Protein chains: 2
Amino acid sequence: MSAKPFSSVWTRERRGGREQGLSRDQIVRAAVELLDAEGLDALSMRKLGARLGAGATSLYWHVANKDELIELVMDEVYATVVLPEAADWREATRVFAYGMRHAVFEHPWSASLIGVVPALGPNALTASDRLMGAFVRAGFEGIDVDYAMTAVVSYTLGATIPEVAFLSSLKATGKSMTELQAAVDPILMKMAADRPNLLERYRSYANEGFDPLVARRLAFEFGLTALLNGLGARLR
Amino acid sequence: MSAKPFSSVWTRERRGGREQGLSRDQIVRAAVELLDAEGLDALSMRKLGARLGAGATSLYWHVANKDELIELVMDEVYATVVLPEAADWREATRVFAYGMRHAVFEHPWSASLIGVVPALGPNALTASDRLMGAFVRAGFEGIDVDYAMTAVVSYTLGATIPEVAFLSSLKATGKSMTELQAAVDPILMKMAADRPNLLERYRSYANEGFDPLVARRLAFEFGLTALLNGLGARLR
DNA sequence: AGTCACCTCGAACAGTGTGCGAGTAGTCTC
DNA sequence: GAGACTACTCGCACACTGTTCGAGGTGACT
């Protein structure tokens with residue numbers, strides 16, 4: 001994986017032809033299905049071929065290699081990001097951020113790919129374009145448009161990736177959240193012993209009823225508004 | 001990879017013993033060296049064993065599996081994050097954010113791991129504790145301490161991961177930045193044709209001399225101050 | 001001297017991505 | 001209708017992966 005990511009799929013000429021039998025779109029669709037159903041580790045060329053009733057190596061006619069395939073499925077994730085229509089830039093940005101978050105939640109396997117795989121596909125670009133529009137209309141000028149946009153995307157990714165990664169590895173164990181906490185808490189408590197701030201924090205979690213899942217959600221909101229406020233201040 | 005991440009290394013009892021010959025620390029150190037030198041794909045149990053003058057399967061006495069090994073090397077990355085001493089919370093937070101950024105830059109392979117692998121190691125926890133201290137002293141109260149901290153970490157990760165991933169995949173191609181731009185620009189231009197905001201942006205890049213590498217750096221600074229301003233406003 | 005825990009490791013298994021070359025089937029040209 | 005050419009499929013093979021198992025060795029303690 002990832003030896004020479006440039007050339008990306010998007011920088012190559014697409015193979016034109018008759019498109020009988022297998023097609024690239026069909027392959028990508030099947031790959032997303034497989035990924036959604038069984039996760040990133042389960043995606044192999046052989047399995048994917050089998051799912052399509054084809055030999056594994058047939059895929060290589062339509063797709064240069066597995067890395068390319070992954071770029072393609074990632075762009076499908078960007079396709080599911082609901083794009084902002086709102087006029088107000090803050091509202092538009094929120095829609096985008098939550099849309100992105102939602103998209104990754106829907107395709108948990110994308111968490112370990114999303115910052116790492118080049119996002120030059122049509123859907124990724126369209127999403128960028130839309131978000132950028134919001135910042136332009138907001139009144140950001142010059143390179144600040146880029147900066148503001150990057151900030152929002154960065155925050156959204158950085159918040160979402162660990163959250164989704166955690167959730168899907170939790171799911172993989174089969175344990176419930178409370179079971180996990182019961183198992184991990186004592187160890188965490190011991191390790192927090194000589195880390196005063198962490199200790200204090202864990203203590204207060206124990207007092208209040210504390211659901212780390214909703215906490216994460218609220219944390220996302222908190223950070224997003226903080227960031228938007230900070231960006232807004234820049235406008236005046 | 002990543003079938004049942006809980007149990008994490010940190011939730012298991014460490015195997016105590018004589019520690020003759022191979023040791024866990026030794027293995028982890030060698031793994032980091034290998035990763036730094038050749039990247040994530042190059043880390044295999046056999047190669048690592050060979051580098052230590054040992055059989056591949058000998059490693060399995062000291063480490064349950066590769067996932068555990070990866071948790072261990074990740075904690076080494078957290079070990080290199082320089083921790084803030086400053087009293088001022090803004091300054092402390094900046095030190096942390098740039099420290100984290102720097103750590104990932106020094107170990108580019110960590111970019112595709114850092115949000116995804118559970119960070120429960122001693123070094124990760126110490127770093128958390130320190131950062132948390134800064135927010136506590138700043139005057140954040142209750143759960144807001146967590147939220148503020150999460151926001152900063154999220155932003156930092158989300159900004160750093162794609163940046164480092166891009167740089168190291170650029171390095172893997174052997175091409176220079178300008179060579180790459182020359183190759184990608186025409187395609188990007190074509191794709192931007194019906195995306196007005198992107199088009200406008202690319203045009204203005206072409207006018208000003210535009211180095212995407214320094215731009216990324218400035219973008220990080222821009223977003224970080226915006227976020228800190230937003231968080232600061234919350235304090236009053 | 002014997003026992004036992006610690007530690008190493010070769011063989012083997014089931015899987016991976018992918019290059020190659022042979023083979024098939026549909027379409028286009030004469 | 002014959003031949004040529006392109007589009008596409010796919011079995012085989014290669015070099016590699018993580019990991020299990022069980023047999024062996026080696027040093028310390030009784």
Side-chain angles (χ1 to χ4, degrees), chain A residues 1-5 7 9 12-28 30-31 34-35 38-73 109 112-113 117 169 172, chain B residues 1-5 7 9 12-28 30-31 34-35 38-73 109 112-113 117 169 172:
Chain A
M1 288 258 266
S2 73
K4 304 185 71 191
S7 63
V9 214
R12 287 193 314 119
E13 280 298 314
R14 179 161 181 168
R15 215 153 200 174
R18 260 174 277 132
E19 298 266 321
Q20 55 168 33
L22 284 179
S23 77
R24 176 182 271 195
D25 297 329
Q26 200 184 141
I27 291 173
V28 172
L34 183 54
L35 285 165
E38 305 187 37
L40 189 54
D41 295 348
L43 178 66
S44 81
M45 300 307 263
R46 280 176 244 260
K47 257 194 203 166
L48 182 55
R51 186 175 259 256
L52 289 160
T57 54
S58 305
L59 306 175
Y60 284 89
W61 178 260
H62 305 273
V63 153
N65 50 38
K66 197 182 177 182
D67 285 351
E68 269 204 16
L69 176 61
I70 282 183
E71 285 189 78
L72 291 165
V73 295
W109 46 269
S112 41
L113 260 28
V117 163
S169 66
Chain B
M1 287 258 265
S2 73
K4 304 185 68 188
S7 65
V9 213
R12 286 193 314 116
E13 280 296 316
R14 180 162 179 166
R15 215 154 198 171
R18 257 175 279 133
E19 298 265 321
Q20 57 169 33
L22 284 179
S23 77
R24 175 182 273 196
D25 297 329
Q26 200 183 140
I27 291 172
V28 173
L34 183 54
L35 286 165
E38 304 186 39
L40 189 55
D41 295 348
L43 178 67
S44 80
M45 298 308 262
R46 280 176 245 260
K47 255 194 202 165
L48 183 54
R51 186 175 260 255
L52 289 159
T57 55
S58 307
L59 306 176
Y60 284 88
W61 178 260
H62 305 273
V63 153
N65 50 39
K66 196 181 178 184
D67 285 352
E68 269 205 13
L69 177 61
I70 282 184
E71 284 190 78
L72 291 166
V73 296
W109 46 269
S112 41
L113 259 27
V117 164
S169 67

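Because the structure is predicted, anything quoted here is derived from the model rather than measured. For the numbers below, each heavy atom of this structure counts, side chains included, while hydrogens, waters and symmetry mates do not. Order of the sequence lines fixes the chain letters, A, B, ..., with proteins taken first and strands second; residue numbering starts at 1 for each chain.
Within the 4.0 angstrom heavy-atom criterion, only backbone atoms of the sugar-phosphate kind lie near A/Leu43; the bases stay farther away. A/Leu52 comes within 4.0 angstrom of nothing in the nucleic acid, heavy atoms only. Within the nucleic acid shown, A/Thr57 comes within 4.0 Å of at least one base atom, counting heavy atoms only.
Both A/Ala56 and B/Lys47 lie close to DNA chain D; mapped to their nearest nucleotides by heavy-atom distance, the more 5′-ward contact belongs to A/Ala56. Residue whose closest nucleotide on DNA chain D sits further toward the 5' end, between A/Gly55 and A/Arg46: A/Gly55.
In this structure, B/Glu38 and B/Leu34 have side chains that are in contact, with non-hydrogen atoms separated by less than 4.5 Å. By the 4.5 Å heavy-atom criterion applied to side chains, A/Leu43 and A/Trp109 are not counted as neighbours. Using a 4.5 Å heavy-atom cutoff, the side chains of B/Leu48 and B/Leu69 are in contact.
Here B/Ser58 does not reach the OP1 or OP2 of C/dC7: none of its side-chain N or O atoms lies under 4.0 Å away. In terms of phosphate contacts, B/Trp61 brings a side-chain nitrogen or oxygen within less than 4.0 Å of OP1 or OP2 of C/dC7. Of the side-chain N and O atoms in B/His62, one or more sit less than 4.0 angstrom from OP1 or OP2 of C/dT8.
Atoms CG (A/Leu48) and P (D/dC10) sit 13 Å apart, rounded to a whole Å. In this structure, the CG atom of B/Leu59 is 14 Å from the P atom of C/dC7, given to the nearest Å. The distance from atom CD of A/Glu68 to atom P of C/dT18 is 10 Å, rounded to the nearest whole Å. Spacing between atom CZ of A/Arg24 and atom P of D/dA7 amounts to 15 Å, rounded to whole angstrom units. A/Asn65 has its CG atom 17 Å from the C1' atom of D/dC16, to the nearest Å. For the pair A/Leu40 CG and C/dT16 P, the interatomic distance rounds to 13 Å; values are reported in whole Å. As rounded to whole Å, 18 Å separates atom P of C/dG15 from atom NZ of B/Lys66. Straight-line distance from the CE atom of A/Met45 to the C1' atom of D/dA13: 17 Å, rounded to whole Å.
The two atoms that bring B/Gly49 and B/Leu59 nearest to each other are N-CD1, 4.0 Å, heavy atoms only.
Judged by distance alone, the side chain of A/Arg46 and the main-chain N or O of A/Ala56 form no donor-acceptor pair under 3.5 Å.
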